[in-house]
Amino acid sequence: MIPISYLVLVFLFGSVVSYLITKANRIVGAIFNFLLTFYALFVLWNLEIGHTEKLFSILEGVENTFKVSSLGKYFSIISLIVISLVSFFIIEWIRKKPSRPAAFNAFVLIMSAGIIGVFFSNDLLTLYIFWEIAVLGSFLIVPMGKEDSKKAAVIYVVTSAIGSYMYLFATFSIYNKYGILEFDQVSRFLLNEPSNLFKWFIILFIASAGIAKSGIFPLHTWLRITHGNAPDAFSAILSGQLVKMGSYVLAISLSVFPSTKLLASFYSGVPLLNYILIWLGNISIIIGTFMAIRQNDMKQLIAYSSVANGGYILVGLGVMNSIGYAGGLFHVFNHAIAAAMIFLSFAAVVYRTGTTKIDEMGGLIWKMPWTFVTYLVGIISLAGIPPTSGFISKWMIFNALLTKGMFVTLTITFIGSVGSFLYVFRPLAGVFLGQLKKKHYEVKEVSPVMLIPMLVLTLLTLFIGVYPKPVLDFIVSIENSLGIKPIEYSGTIIKTSLGQWDTLTVFTMFAVGFIIALVLYIIFPRGKKVELTDQYTGGEYLFNYDLYHYATGFYRFLERLYDKHPSFEKLYGMLVSFFKSMGEIINELFYKVSPSGYVFWISIVILILFWVRW
Amino acid sequence: MMTIIRVAAVLLTGFFVGLTLEGVSRKIIARIQRRYGPPWYQNFIDVFKALSKNGITHGWIFDFGILMALGGVIATLAFVPLGDLVAFPGLDNLFIIVYLFAVGALGMAMGMVGSGNPNSSIGVARALTQMLGYEIPYMISVSAVMYYYKTASVSELMLSQQDSWTLLKMPLGGIVAFISLLGMLGKKPFDTPIAPAEIASGPMVELSAKYMGLLMLMHTFSIFVEIGLFVDIFLGISNYWTFLIKFTVIWILATLISSVLPRFRIEQVVKFYWKVPLGLAFLQALFVLLGWVF
Amino acid sequence: MANHERNIWEKIADQLRSKSLWMLHYCTGCGAIELPPSMTSRFDMERFGMGPMATPRQADILFITGYLSAKTLRRVIYTYEQMPEPKYVIGFGSCTLNGGIYYDSYATINRLDYYIPVDLYIAGCMPRPEALLEAFNELMKMIRKGEANGWKQYKENYDWYKNNQIRSLGEVLVHDEFHE
Amino acid sequence: MVYYISFILIGIGIYGFLTQKNLFKHLISLTIIDTAINIFIISLGYISGEEAPIYSKYTPIANFVDPLPQALVLTAIVIGVGILALGVSLLIKVYEKYGTLDVEEIVAKEGK
Amino acid sequence: MSALLIAVPLLIAFLFVPLKNKIKYILPFVALFSLILILKLPIEQVNFLGGWKAPFGITLVLDNSSYYSLIVVNIIFFLLSLIPQIIEKDLSLIFLILMASINGLILTGDLFNSFVFLEITSVAAYILSSSKRNYYGAFKYLILGSIAGAFYLLGTLYSYIGTGSLNLADISKNINSEFLAVVPILIFIGLAVETKIFPLAGWVPDVYASGSALTPAILATGVTFSMMYLFGRIFITVFHGEFLNVVYIFGLITVVVAELSALKQDNLLRALSFSSIAQAGLFLSVISMNSYESLTAGYFHLLNDITAKFVLFIIAASIGKSFIKNKTTGIAFSIASFSLIGFPLFAGFRSKLLILKTAFLNQNYILPIILLFATIIEIAYVLRWNIKLWYPDNILPQEKEKTQKLSWNVNLILLIVALVIIVIGFYPDIYLKIAQNIASGLTNYRAYVTNVLGGM
């Protein structure tokens, strides 16, 4: 198998090749993209742990190397699954949608090169380099979406720049203090580091890159605009996978630098730093859930759900006991797959109907049944309902919080999971169920090329939901490598201190119940098929069937409870306009002045200088 | 083989006891209103009468929703231990039961909205909001109990009430759980989703014959799940028969309360649940943390 | 009505149907006020297993309690067609029988029978709850004996009913008068 | 003592810049500053009682004033003149373009 | 021999005055000639004009720092001369004079001589900036520049009073404390206008954003580099880093102020001019840490910035609204702007790393914070411009035809410079060697003094 550095180079040059091919013919370019990503997935699948490769060396004394850690391999395999399936989806999707297909394909490859680099880099600087390459790649694709995706792209890059520059600041202070940057060496130095303040500063600043990227509380505002307006298939990659880079950095800052051993425990085994990060996760769960319930644009709704799920992952990772950490990692897998599934089904819907507003659509289930099935299984997994894999990770996080006795966080996770029933149901009711709008009568199901990746993801979720062994093996190997007590499970029974459950019996019992209901359904007389337009509405007969469809303001009564909510977007907007107005004043004062103004400033400078010297 | 028998036993008890108790509750309400009320087996007749008629359907999603609802609730019921009758001994984790119940709720919601009637969509939206309301206090009070006994399996929770009932140990938690139980059952103070006067019996608007029958079955099973959980966790050790007695007592108590109270508006439901019960639940959790348990 | 024999299942079903009748009452005219007393403690309709239902989809009996103008008749016909089989109709009061005191008015219809099949009429210019309960018991006996099959007649000579309805309501059945 | 004259002149020049609206007056105050500095350069090398450093066989080297500032001042004056000439030509162009030399009107027209 | 560098361009400029518009085609040869001349010259070589020994006569010093900066400046001139399209009809004469005066500025070892060359460069700059009818901007630049020149003259005079000589090496040898207070201030003000320090850079937006491609291209790159070199030469070699902490504060203020005012610009050229002010301010604050590594980092950053600005200004001035018609220039523009921000694959990233390393080395934590904050703001507006040009919204069809296609040779040169940026991103040792040599030349002033004064 070719080493990783060659893989990254193949991707970088591949992007130029795919640019040329897509210039010639879109479909062939997209196929080339898919084959490349699939080959990369194959290569990554059978990479053995511990395999290291030396790269260049920028700062002397620091060897930039790639090292395959189990954590990196886990994250990269999830990412590659998502990217390869989405690029399979793009083969059909590219026929009509992005304004510049050639650039689109090229930048997807650049981004995936960055991603592979991030997950396998063995020291802070290489991680930063590939991190910026991934940001550059994804930044160039975002503006191809709807009209205010251009503003979204700038906000996206600025927020991730804030995070990554704090990360860079921490990297250089480590380099300045110790002279080394490899993860294990840094954690060894941090262990016997006297000053507590320095440890806090390092972990918080490194975690800030993760916070910015996975949309945790203070830096979460970019998610709504970017996911809402990016080109549809790309927002699947954006939310399914790029957000996971943030979780990867969070995982590093919390587990690779062993936070439990570094800092004194503050509340039942959880250090104060983790506690603060958990609280950031909590706030982002609340914001994500309650804002998602309000949204009328389906993609922005799921974007807010990514904020909430990012919060879940952070809470899971923050708790740092074996079950909690495993729950966090498992949730990374679930959210990646579920978000990719949901966004792909939205891409299919938008591909056919052209709009993302929920109340402009309705009854698409009759025309696009398979997209509906994907969306249904996706939201079942996102909301964490048993037969699918989404529930396992939430169950682990609940157990971890319960053993630690952190009741407020437990409440917020409950609010998050029950709230997720509400906001995932809104597009289901608004977009797929109900009467079909007149303008969507001739909408057809999406072509099989787009359906295959969606159905593959559906089967994957259900399979892992019933038989979570492959993912659990990965998590156990990660926990062993990081020195956390691994979770114990046998076959499909997952055991924790609080109790155990068996995914298989739950699934079989659900199937048995379904069969009983089916038998009852068949025995008794068949119902007569009646058109959706024949409804009981108090004897009245509406000729305009669109009026039947109840989709606008689906939870209006709940939203009215928190209409006047503090919005952080407005806060950051004010901040930016403050900077701009300051810039305006400076411009007026210093740069648009008449000559006498210049002389005035010269004399001021002279006075200051002379006053300073005496 | 034993599990199949046990599961069948649980389901049959759910069916028979559930329907008789519903008939009993209708008789009690009638008695309160100083009239005779229907015979106790009236609900059996209603169910079979509904199943025997040939109604209408609005497409495959409408049928699939009902089947998923009934299947989910049957699966949840299988996991609930009725006193000492436990279908799956080690595997009855409380989170599984609560979230498997959500499968039923989601299935019903999907089916009802699939019927395309605006009344049913409004009803479903109200049902989900109400669920958001009562679920949180319920889960906190129950997790306080779980934290105290250090186990999440329902049967163990029941068995660990050696000395006295959890209801006596944690009265606040018990009260909160009972209030959210009323919300779960959809009894009068909290039956905004099925408000017959406002939205023509909410989600069940388009449910004609057979589907109405299946839904009544589902309703019976869900009552059994909710009260069964409450009895197991809060009302001490009980074998099969004492479990049924406690079950009927709680059921009658709930019917008495619901027969005299008017209906909440949906905003009031959420606001009520997040003020009084949530406060009490947090208080209870604090007491458990501090170890002040009677 | 030829009472062709019913197989065993239908006999059992008729027994059950008679024991639990769900009623959708179309309260028009002065008959509506007779229903509350028949449901509350004095006359208690529920002991026969009968109860009011909000939607036609779940109702067995369509209970029409007074005069029907051209406009309200259309609503009644929609509701009737939305009820699942087997369904029964009870005309309450003389207004449904022969137009009652409004027999010569331009707006009301005189015989309900022409438009939807009525199984049972209750005479009286607003009969009392006792008459109502007597009628319900009579209907239960008819169901048990299998005679109450107005809905079969509706299905068999459907076009006859349709002509009557269109003759009196006009083609407006399809187009709603608000939009024209 | 001569320093004070040049510093006063520089003060006047700067004052001229700050108060005047007309661009041409800016140019004049600029030349005032240039001449002030030239005076300062000259006054540097002055030794009382010595002659101008014009070398010929009649004037012995001994009693010369310091010749270096004299040389410097020559180039400084040339540069001052060059800048002045360039300034004036620019002003002509400004006048052609805006029709006025007043700062407010130009800014209004220019919108800058 | 090194005097030829100044003499030849001046001579050709005066010879070809009558046939003005022919000069445009001779420029490349002149630039090539001076380049070849430099490469042939031996490095350690002091040229005494008119045979006078150091403290008395005017010397042209050619140590390795001035040698390499001469190469850089002349390469820039050569590149510019290869694209005659952007040079207006009679400005090529000025171009030659500017080349001569900049060579002089770098070479000269005499303070008053540097004043004269400074004035000539400024005069050439005033004329250049008056292209595209930007007379008012040029006039304002003239006023500011000449006042600064006056103060620079005062500075030289005071140093003459203090040390009795005008030679840089001589001054640096026996400058004493109480003159050290006054002279750096005056010279700092003199140079502040050209090196675009905070309050005195008022002229930059009007001059750079006048619309002509040549003015910003040559001013922002060639002139700025030579001024920065002069700044380094005087403040580090002569005054041994005496005055630098004040410069440090001014530099930081310039960075913040310039970035903020760039945020709101709706004209690309003005935004880029503010960005060049900010980069100059950053360079000065890095320089004022006054150590060999910080000087290397500073000059390395300056070199990257110049290459990027060269590409950016030419494209910004010549491209209309969007890159639809000319994709290659678009790619060059994006590469240059990404290197400006400091994305990893490009040169800017290497210089940012170096600056951060040196800043952390001398425990200076304010500079990294300001640098990172400034880069975040820079990302905001540079990328917004990138998107606005790549994905222009509501371009009217007839406007689309109007955006004329850039001629082939301009495209070619821009692409070459852009590729240089990428190559530097991977193998930075070319620029790094130049920067190290300049830094070493500036810092060990003892070698400079002995070299010039011949061990007197």
Side-chain angles (χ1 to χ4, degrees), chain A residues 363 365-366 376 380 383-387 391 395 398-399 402 405 407 410-411 414-415 418-419 421-422 425 428-429 433-435 497-502 505-506 509-510 512-514 516-518 520-521 524-530 532 535-538 548-550 554-555 557-558 560-561, chain B residues 51-52 54-59 61 63 67-68 70-72 74-75 78-79 88 90-91 93 95-96 99-100 102-103 106 109-110 113-114 116-118 121-122 124-125 128-129 131-132 135-136 139-140 143 146-147 150-153 200 205-206 208 210-211 213-214 266-267 270-271 285 289:
Chain A
I365 183 171
W366 316 112
L376 181 67
I380 289 180
I385 296 176
F391 174 70
W395 179 74
F398 290 151
N399 267 319
L402 202 54
F407 278 100
L410 199 61
T411 348
F414 285 139
I415 293 174
V418 176
F421 297 155
L422 267 88
F425 190 75
L428 182 78
L433 303 175
Q435 283 74 11
S497 64
L498 280 177
Q500 57 188 13
W501 71 293
D502 179 0
T505 38
V506 167
M509 201 47 226
F510 179 70
V512 161
F514 193 83
I516 295 171
L518 200 63
L520 284 177
Y521 175 80
F524 296 103
R526 254 175 41 73
K528 174 159 65 65
K529 175 79 172 71
V530 163
L532 263 183
Q535 298 289 349
Y536 167 69
T537 43
Y548 278 119
H549 190 45
Y550 171 76
F554 200 73
Y555 296 112
F557 39 83
L558 186 60
R560 211 173 292 120
L561 291 181
Chain B
L51 287 174
S52 69
N54 28 42
I56 57 104
T57 170
H58 282 290
I61 189 61
D63 310 349
L67 295 184
M68 186 172 158
L70 190 58
I74 286 171
F79 278 98
F88 299 96
L91 303 174
N93 195 307
F95 294 119
I96 307 293
Y99 278 90
L100 207 51
V103 173
L106 187 73
M110 194 172 60
V113 174
N117 194 311
S121 308
I122 297 170
V124 162
L128 287 174
T129 330
M131 191 164 131
L132 185 70
E135 196 75 29
I136 314 295
M139 287 310 276
I140 301 172
S143 40
M146 282 197 278
Y147 179 71
K150 287 285 176 287
T151 165
S153 138
V205 168
E206 288 297 322
S208 56
K210 171 167 69 175
Y211 303 97
L214 290 178
I266 188 67
E267 289 93 15
V270 180
K271 251 187 237 159
L289 273 177

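Just so it is clear, the structure is predicted and the values come from calculations on it, not from any experiment. Naming: A, B, ... by sequence-line order, numbering from 1 per chain.
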Part of [X] lying under 4.5 Å from any heavy atom of chain A:
X      : value
B/L67  : both
B/I56  : both
B/T129 : both
B/V103 : both
B/I136 : side chain

Check the angle between the aromatic planes of B/F95 and A/F414 and answer parallel, tilted or perpendicular using the 30° and 60° thresholds.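 Tilted: the ring planes of B/F95 and A/F414 meet at 30° to 60°.
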Mind checking whether B/Y99 and A/F391 have parallel, tilted or perpendicular rings, split at 30° and 60°? tilted
Among [options], which residue forms the greatest number of heavy-atom pairs with chain B at distances under 4.5 Å?
options                        : value
A/Y555, A/F398, A/Y521, A/W366 : A/Y521
A/L376, A/V512, A/V530         : A/V530
A/I415, A/L520, A/V506, A/L433 : A/L433

Measure across A/G405 and B/L289 and return the closest heavy-atom pair with its distance rounded to 0.1 Å.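 Of all heavy-atom pairs spanning A/G405 and B/L289, the closest is O-CD2, 3.9 Å.
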Kindly determine whether B/I140 and A/L410 satisfy side chain to side chain contact (heavy atoms under 4.5 Å, CB included), including the steps that lead there. CA-CA 8 Å; B/I140 301 172; A/L410 199 61; over 6 Å; no
Please classify the contact of [X] with chain B as side chain, backbone, both or neither, using a heavy-atom distance under 4.5 Å.
X      : result
A/I516 : side chain
A/F554 : both
A/W395 : side chain

Donor-acceptor contact below 3.5 Å, side chain B/E206 vs main chain A/Y536: yes
I need the [X] [atom1] to [Y] [atom2] distance, nearest 0.5 Å.
X      : Y      : atom1 : atom2 : answer
A/F514 : B/I74  : CZ    : CD1   : 11.0 Å
A/M509 : B/L91  : CE    : CG    : 12.5 Å
A/R526 : B/D63  : CZ    : CG    : 9.0 Å
A/F524 : B/L51  : CZ    : CG    : 4.5 Å
B/I61  : A/I365 : CD1   : CD1   : 3.5 Å
B/M146 : A/L498 : CE    : CG    : 7.5 Å

Using a cut-off of under 4.5 Å on heavy-atom pairs, state which of [options] scores highest against chain A.
options                       : value
B/S208, B/S143, B/A285        : B/S143
B/L70, B/V270, B/N93          : B/N93
B/E135, B/M68, B/M131, B/M139 : B/M139
B/G116, B/A78, B/G72          : B/G116
B/S153, B/S52, B/G55, B/A102  : B/G55

Please lay out, stage by stage, how B/H58 and A/K529 fare under the test side chain to side chain contact (heavy atoms under 4.5 Å, CB included). CA-CA 6 Å; B/H58 282 290; A/K529 175 79 172 71; 5.9 Å; no
Evaluation steps, side chain to side chain contact (heavy atoms under 4.5 Å, CB included), between B/V113 and A/F425: CA-CA 10 Å; B/V113 174; A/F425 190 75; 3.6 Å; yes
Side-chain heavy atoms of [X] within contact of [Y], under 4.5 Å:
X      : Y      : value
A/I380 : B/L106 : yes
B/L132 : A/L558 : yes
B/M110 : A/L428 : yes

Go through it in stages, so that I can follow the logic: the residues are A/L561 and B/K271, the test is side chain to side chain contact (heavy atoms under 4.5 Å, CB included), and I'd like the CA-CA distance, side-chain angles, deciding distance and then a yes or no. CA-CA 8 Å; A/L561 291 181; B/K271 251 187 237 159; 3.3 Å; yes
Under 3.5 Å side-chain donor-acceptor pair for B/N117 and A/Y548: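 The answer is no; no qualifying pair exists.
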